[in-house]
Chemist: 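Got a structure for you, questions after.
Predicted model, so just to flag it, every value in this text is computed and none were measured. Just so it is clear: chains get the letters A, B, ... in the order the sequence lines come, proteins before strands, and each one is counted from 1.
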Amino acid sequence: ETGVTQTPRHLVMGMTNKKSLKCEQHLGHNAMYWYKQSAKKPLELMFVYSLEERVENNSVPSRFSPECPNSSHLFLHLHTLQPEDSALYLCASSQDGRLAGGAGTGELFFGEGSRLTVL
Amino acid sequence: GENVEQHPSTLSVQEGDSAVIKCTYSDSASNYFPWYKQELGKRPQLIIDIRSNVGEKKDQRIAVTLNKTAKHFSLHITETQPEDSAVYFCAAAGAGSYQLTFGKGTKLSVIP
């Protein structure tokens, strides 16, 4: 158990639904991330939060809305998604958001992922 | 921004043989290069990393080499075992960066 848990593990939703993905880390880390993993594509960084402040937003469509109420919890709110948004959404945490040269080791601890299917 | 290319996309080796996966990166400012292993249906996990102040790092059967001049780094697995079968991702990040740029992954199959 890496200490990063994601719920739900599987989610099927229609294009007009609103749903949320939840991530919780029990490692005392300061940074949390959302990554998208699609077949035959690199892991794509969506958002980074460091000490509850969003520090990266990689041109993600507004139908994805992150929320970080505290350093242990991260949400991804989903609204009016498209079928091409179907993917595995991975949450991760790290000791320090600055992966190279920061206070931490740079290691990302991933959750098991939430498999999203948009019909 | 950074771009990481990874080759090959699939690799099959006989048990006991060595496997080599290669990555190139575009941003000369990158100085942190981790490798992640993702078994089928599991989460990615860090297996080894290297920083730009060293050229090689070993951990038992796994080694990583870095050539900063050529902007490429490689993962070497010796004496492969069936449990090494997984998808391996290389990645790169610059000093102070919050962003890790990943390669597309290599699916390694170790044939018993």
Chemist: How long is the straight-line distance from NZ of Lys41(A) back to NZ of Lys104(B), given to the nearest 0.5 Å?
Modeler: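 Lys104(B) atom NZ to Lys41(A) atom NZ measures 9.0 Å (nearest 0.5 Å).
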Chemist: Honestly curious: do Val64(B) and Ile62(B) fall in one hydrophobic cluster under the side-chain, below-4.5 Å linking rule?
Modeler: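 Val64(B) and Ile62(B): one cluster.
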Chemist: Is there a path of hydrophobic side-chain contacts, each under 4.5 Å between heavy atoms of I, L, V, M, F, W or Y residues, that connects Phe89(B) with Val110(B)?
Modeler: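 No, separate clusters.
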Chemist: Please classify the contact between Leu45(A) and chain B as side chain, backbone, both or neither, with a heavy-atom cut-off of under 4.5 Å.
Modeler: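 It is the side chain, since no backbone atom gets that close.
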Chemist: Find out whether Pro44(B) and Leu90(A) are in side-chain contact, i.e. whether some heavy atom of one side chain is under 4.5 Å from a heavy atom of the other.
Modeler: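 The answer is yes; the side chains approach within 4.5 Å.
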Chemist: Check whether Ile47(B) and Ile77(B) end up in the same hydrophobic cluster, where Ile, Leu, Val, Met, Phe, Trp and Tyr are linked by side-chain heavy atoms less than 4.5 Å apart.
Modeler: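 Per the 4.5 Å side-chain linkage, Ile47(B) and Ile77(B) are co-clustered.
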Chemist: Return yes when atom CD of Gln60(B) has more than 12 non-hydrogen atoms of other residues, nucleotides or ligands closer than 6.0 Å, and no otherwise.
Modeler: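 Count not over threshold, so no.
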Chemist: Does atom CD (Glu53(A)) have a neighbourhood of more than 12 heavy atoms from anything else shown, all under 6.0 Å?
Modeler: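 Not more than 12 within 6.0 Å, no.
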Chemist: Measure distances from Gln37(A) to the heavy atoms of chain B and classify the residue's part below 4.5 Å as side chain, backbone, both or neither.
Modeler: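 The side chain, not the backbone.
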Chemist: List the atom of Leu88(A), the atom of Gln38(B), and the distance in Å for their closest heavy-atom pair.
Modeler: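 Scanning both residues, the minimum pair turns out to be CD2-NE2, 4.5 Å.
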Chemist: Working to the nearest 0.5 Å, report the span between CG of Leu100(B) and OG of Ser94(A).
Modeler: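 Spacing of CG (Leu100(B)) from OG (Ser94(A)) equals 9.5 Å.
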Chemist: Side chain, backbone, both or neither: which part of Ser50(A) has an atom under 4.5 Å from a heavy atom of chain B?
Modeler: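 Side chain only.
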Chemist: Are more than 12 heavy atoms from other residues, nucleotides or ligands located less than 6.0 Å from atom CG of Leu119(A)?
Modeler: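 For Leu119(A), atom CG is crowded (more than 12 foreign heavy atoms under 6.0 Å).
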Chemist: If hydrophobic clusters are built by linking Ile, Leu, Val, Met, Phe, Trp and Tyr wherever their side-chain heavy atoms come under 4.5 Å apart, do Val87(B) and Leu46(B) end up in the same one?
Modeler: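 Yes: a chain of side-chain contacts under 4.5 Å links Val87(B) to Leu46(B).
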Chemist: Tell me whether the count of non-hydrogen atoms from other residues, nucleotides or ligands lying under 6.0 Å of CD in Glu56(B) goes above 12.
Modeler: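 Above 12, so yes.
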Chemist: What closest approach, in Å, do Tyr98(B) and Tyr33(A) show between heavy atoms, and which atom pair accounts for it?
Modeler: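 Answer, listing the atom of Tyr98(B) first, then Tyr33(A): O-CE2, 3.7 Å.
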Chemist: So which of Gly103(B), Gly105(B), Pro34(B) has the largest heavy-atom pair count under 4.5 angstrom toward chain A?
Modeler: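 Ranked by contacts with chain A, first place is Gly103(B).
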Chemist: Taking side chain as C-beta onward, heavy atoms only, is Glu107(A) less than 4.5 Å from Tyr36(B)?
Modeler: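 Yes. Closest side-chain heavy atoms under 4.5 Å.
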Chemist: Looking at Lys42(B) and Glu112(A), what are the two nearest heavy atoms and their distance?
Modeler: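 Answer, listing the atom of Lys42(B) first, then Glu112(A): CA-OE1, 4.1 Å.
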